Structures are given as structure tokens and as C-alpha cells.
Asks: 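Here it is: the structure, laid out below.
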Protein chains: 2
Amino acid sequence: MPRYVDKEERRRHVAAALHRIAAREGLESVSIRTVAAEAGLSVGAVQRDFGTKDELLRFALREMLANVERRFSEIRVGPGGLSFAEGLRRVLTDLLPTDDERLAEARVWSAFYARAAVDAGFADTLAELDARARAALRSAVGWAGEQGELAPGQDPDALVELLLVLVDGIWLSAVRQPPGASLDAQRAAVAAAVAAVTVEGGREARRG
Amino acid sequence: MPRYVDKEERRRHVAAALHRIAAREGLESVSIRTVAAEAGLSVGAVQRDFGTKDELLRFALREMLANVERRFSEIRVGPGGLSFAEGLRRVLTDLLPTDDERLAEARVWSAFYARAAVDAGFADTLAELDARARAALRSAVGWAGEQGELAPGQDPDALVELLLVLVDGIWLSAVRQPPGASLDAQRAAVAAAVAAVTVEGGREARRG
DNA sequence: CTCGTATCGATACACTCGTATCAAAAGGAG
DNA sequence: CTCCTTTTGATACGAGTGTATCGATACGAG
């Protein structure tokens, strides 16, 4: 075969170009042509790598989800790791638009999210992510319960569902902020969420 | 002037057509032509009523926000009204996709929300809504504090921010549900939110 | 009634869209 | 080197886009 190139690497390069356009101008400005130009490729090259625009979008969605999941998988809650409260705080804080990259990510997320409303394939992919997040949260909340970290009167399963919608809310709220706005409100929301759900210090607090 | 017609009424009729299309196929399928066809009008009529597509979209956004605000304004928390916990529960429950109309509304909301990420005019309109919601919540939370309804250790201002992102999260989460899915998870999230933020019964519970 | 004007619906225009096609190029196999 | 296959970039095509234009239409004023 002539012209040895790393196909997967280039697919990721194209997906990154799509993410930049979606963050800057929205999904409506994403076309084969605009993406190819942003990636520095010709239309034909993008067509061969992805075949159809739908497959390009699907790949870009999965690529983004993989990035987010990889980041979150490094936040380990449990024995030998973080307390539940600290883990929760880190997850939520990590989503805040603290830099341009995070803001761009939130914008892309909002665009994909809206598309999931009318594209069953997108909705399915999001549902899979949801299932994994639910499982991880269930485990973390279970451990928090054992450690006495949960505020009294909380049903663990219901709490998991609350945290799931809370993550969406925090992440997406970045989208409506005017540029350069302060993050104080969102930081306050994170602090309030942690405060409402946990009892400070968990077992240690109850020991001391 | 010939052809007496109620202009504002027809603008709302056209906006409703836009909402239906956006809920069914997304904002990308909204064009002057598709909206005109859905509304049973000609392209020229829609053009005369709105001039430009951007103005049509802006009107449709404001129209939707007005509907939601009108609904919420009927939920009155405070002296002579509902308890904070009950009001919060009603607001959050009202957003759930309990019927097709609510589901459609959530889908339209997600589309507009995503557009606000890249359209400053949309973002401004959402920011105004945010300011009004923040004021209403601040008042409700203040009253809840006086009534002893708030769970201990809550900063009222931070709690307001938490509730704001929670509303977004609950509402938007409808979008990723497969059709016909159960609402149990979202109802659980609402219950968990109310439980985490308030102490059951408020003053009454502390008296009894 | 007639007239004048505000509204209408159709069409035109200059794009952009996703996709298909296809000649030119490019590099490993022999 | 010569082939031969894969990859590339350009172009073609039909459809759909926002908007402008402009006769036909329909009504209220006189």
C-alpha cells in the first residue's frame, strides 16, 4: 500500500478540528468542507476517512466522551483514594470552564447534547456513558455510606440520580456565561452541592 | 390597511410551528421554508412577519421562555403559599418529561441552550432569565431559612447557585432518555435534591 | 362602486450542503 | 527501473439555504 499514514491518528486529528469548529460556531457550521479546511485536508481525504458525515459526527462524539472519561477515571474515590466529598468536588470542579479548553469542551458538549435529542444514535451513545457513570457513582456513594460521609436521610440510589443530573447541569451552565465572566457562582454551586450531600469529614469528623 | 389580521397572534403561531420542528428534528431542520410549511403559510408571509431568520429564532426563544416563566410564576413559595420544599419539588417535577409536550419543550430548550453557546444574543436573553430566576430563588431560599426549612450548614447564596444548575440539569436530562423510558430515575433525583437541601417539615417538624 | 395600498405567494439568485466520480499522483512490490 | 494499487484533490450534481424582488390579490377608505 502506498502512502503509509496512521489512519486512526488522522481520524483523531479531524475530530479535533470538528471540535474546534463546533466550539467556535456551533454544530450548524460543521460541514465536511469546513472541517476539512480546519484540519488542513481536502474534502476527499475526509470522505475516505469517514465515508459519511454522520460517521464523522459519531466518531467526534465518542472521541470527546473518551477524553472526559479518561480524565474522570483518574479521580479515584475509595480505600486508598480520595474521600467521597473530595472526589465529588474534584469531578464537579473539573467540569468548570476554568480555561478556554474547558469552555470549548462545554460548548461542544452542549451541541452534542442537543443533537442527542433528535438523533437516536447519539442518544444511545450518551445512554452508555450514563450507565458507566451511574455504576461508578453507585460504587462511590456506597463507599461514602460505609464511611459515614453521607448526610443523613439520603437514599443512595436517589442520590446517584441527583448527582448525574447535577453533573450535566454544572457542565452545561458554562455555556451561557458571557466571556470572561467570573466562576464564583459555579464554584459556589459546587461547594453547595458537596455541602448538601455530605457531612463534613465523614468518619474522622464523627471520631474527633 | 387591507387584510386585517392579528400580527402578534400569527407570530406566535409561526413560533409554535418552529418549536414543533425543533422538537422533532432539531434546530438544524428549522428553515424559513420548513417553518412556513409547518405553519401553513407561504415563505413570503413568514418573511414579512419576521424579516430575518435570526429575528424569527429570537422571537421563538423569547416565546418559549415566557411560557416557562408564566408556568413557574404560578408556583408561589412564601407566606400564604407553599413551603420551600414543596415549591422546589413542584418546580423540578414540572420540568420532567411527563407528557409529549414536556418532552418536546425540553428538546427545544436543549437546542436553544446549545445555540446560546455560540450566539451572543441568545446568551444575553438566557442571562436575563437567569437573573430573574436567581432573584426568585434568593427570595424563596431566604424565606426557607427563616422558616427553618434549610438543611444545616447551607450558605443561602451558594444554595441558590446550586438550584440554578440543578434546574438546568433536571430539565436537560429529559433529552437523552430513550422514548417511553421510565421517569423513576428523574423522580428519584428530584426527591434526593429536595431531601438534600431541606429538613423535612421545617418549623413544624422542629415543633412536633 | 373605484381606487390605492398593504399583504401575499411565487419565483430568482447566489450560495452551501452531502455525496459521487474520477483523473492525477504517489510510493511499495517485483 | 516498471507496475499496480491506494490515496488524493478537484470537480460535478442535485437539493436546500436565506433573502430579494415583484406581479397578483384582497381589502378598507373615499
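Letters go in sequence order (proteins before strands), and every chain restarts at 1. Model, not experiment: these values are computed from the prediction.
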Asks: Taking the nucleotide of DNA chain C with the nearest heavy atom to each, does A/G44 or A/S29 sit closer to the 5' end?
Replies: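 Closest to the 5' end, via its nearest nucleotide, is A/S29.
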
Asks: Give a yes or no on whether B/D100 atom CG has more than 12 heavy-atom contacts from other residues, nucleotides or ligands under 6.0 Å away.
Replies: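 Count not over threshold, so no.
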
Asks: Does a donor on one side chain and an acceptor on the other come within less than 3.5 Å for A/D54 and A/T52?
Replies: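 On atom types as modelled, these side chains do not qualify, holding no pair under 3.5 Å.
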
Asks: Can you say whether the rings of B/W171 and B/W109 are parallel (under 30°), tilted (30 to 60°) or perpendicular (over 60°)?
Replies: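 Aromatic pair B/W171/B/W109 classed parallel.
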
Asks: For A/T52 and B/R48, find the nucleotide of DNA chain C closest to each by heavy atoms; which residue's nucleotide sits nearer the 5' end?
Replies: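 It is B/R48 whose nearest nucleotide is closer to the 5' end.
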
Asks: Take atom CD of A/E55 and atom C1' of C/dT19, then tell me their distance rounded to the nearest Å.
Replies: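 Rounded to the whole Å, the gap is 14 Å.
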
Asks: Expressed in angstrom and rounded to an integer, what is the separation of A/K7 atom NZ from D/dT7 atom P?
Replies: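 A/K7 atom NZ is separated from D/dT7 atom P by 6 Å.
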
Asks: Could you check which of D/dG9, C/dC8, C/dC17 has an atom nearest any side-chain atom of A/S31?
Replies: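 Of the candidates, C/dC17 comes closest.
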
Asks: Can you tell which of C/dT19, D/dT17, D/dG18 lies closest to the side chain of B/T34?
Replies: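 Given the options C/dT19, D/dT17, D/dG18, the side chain of B/T34 is closest to D/dT17.
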
Asks: Does the D/dG16 base have a donor-acceptor partner in the side chain of B/R33 within less than 3.5 Å?
Replies: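 Check fails, no donor-acceptor contact within cut-off.
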
Asks: In whole angstroms, how far is the P atom of C/dC17 from the CD atom of A/E28?
Replies: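 Distance check: A/E28 CD to C/dC17 P gives 12 Å.
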
Asks: For the pair made of CG in A/L56 and C1' in C/dC17, what is the distance, rounded to whole Å?
Replies: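 Result: 14 Å.
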
Asks: Could you tell me how far apart A/K53 (NZ) and C/dA20 (P) are, to the nearest whole angstrom?
Replies: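 Between P of C/dA20 and NZ of A/K53: 15 Å.
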
Asks: Scan every strand shown for a Watson-Crick or G-U wobble partner of D/dA29, both distances under 3.5 Å, and answer none if you come up empty.
Replies: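 When the pairing criteria are applied, C/dT2 turns out to be the nucleotide that pairs with D/dA29.
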
Asks: If you count the non-hydrogen atoms of other residues, nucleotides and ligands that lie under 6.0 Å from CZ in A/R24, is the total more than 12?
Replies: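 For A/R24, atom CZ is crowded (more than 12 foreign heavy atoms under 6.0 Å).
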
Asks: Please give, in whole Å, the distance from C/dT7 P to B/R11 CZ?
Replies: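 After rounding, the gap between these two atoms is 13 Å.
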
Asks: What nucleotide among D/dG18, C/dC17, C/dG9 has an atom nearest to a side-chain atom of B/A45?
Replies: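 Out of D/dG18, C/dC17, C/dG9, the nucleotide with an atom closest to B/A45's side chain is C/dG9.
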
Asks: Is a side-chain donor or acceptor of A/H19 paired with a backbone partner of A/E105 at a separation under 3.5 angstrom?
Replies: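 Such a contact is absent between A/H19 side chain and A/E105 backbone.
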
Asks: Give the rounded distance in Å between these two atoms: CZ of B/F50 and P of C/dC8.
Replies: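 Taking CZ of B/F50 and P of C/dC8, I get 12 Å after rounding.
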
Asks: For A/Q47 and D/dC13, give me the distance from atom CD to atom C1', rounded to whole Å.
Replies: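 After rounding, the reported distance stands at 13 Å.
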
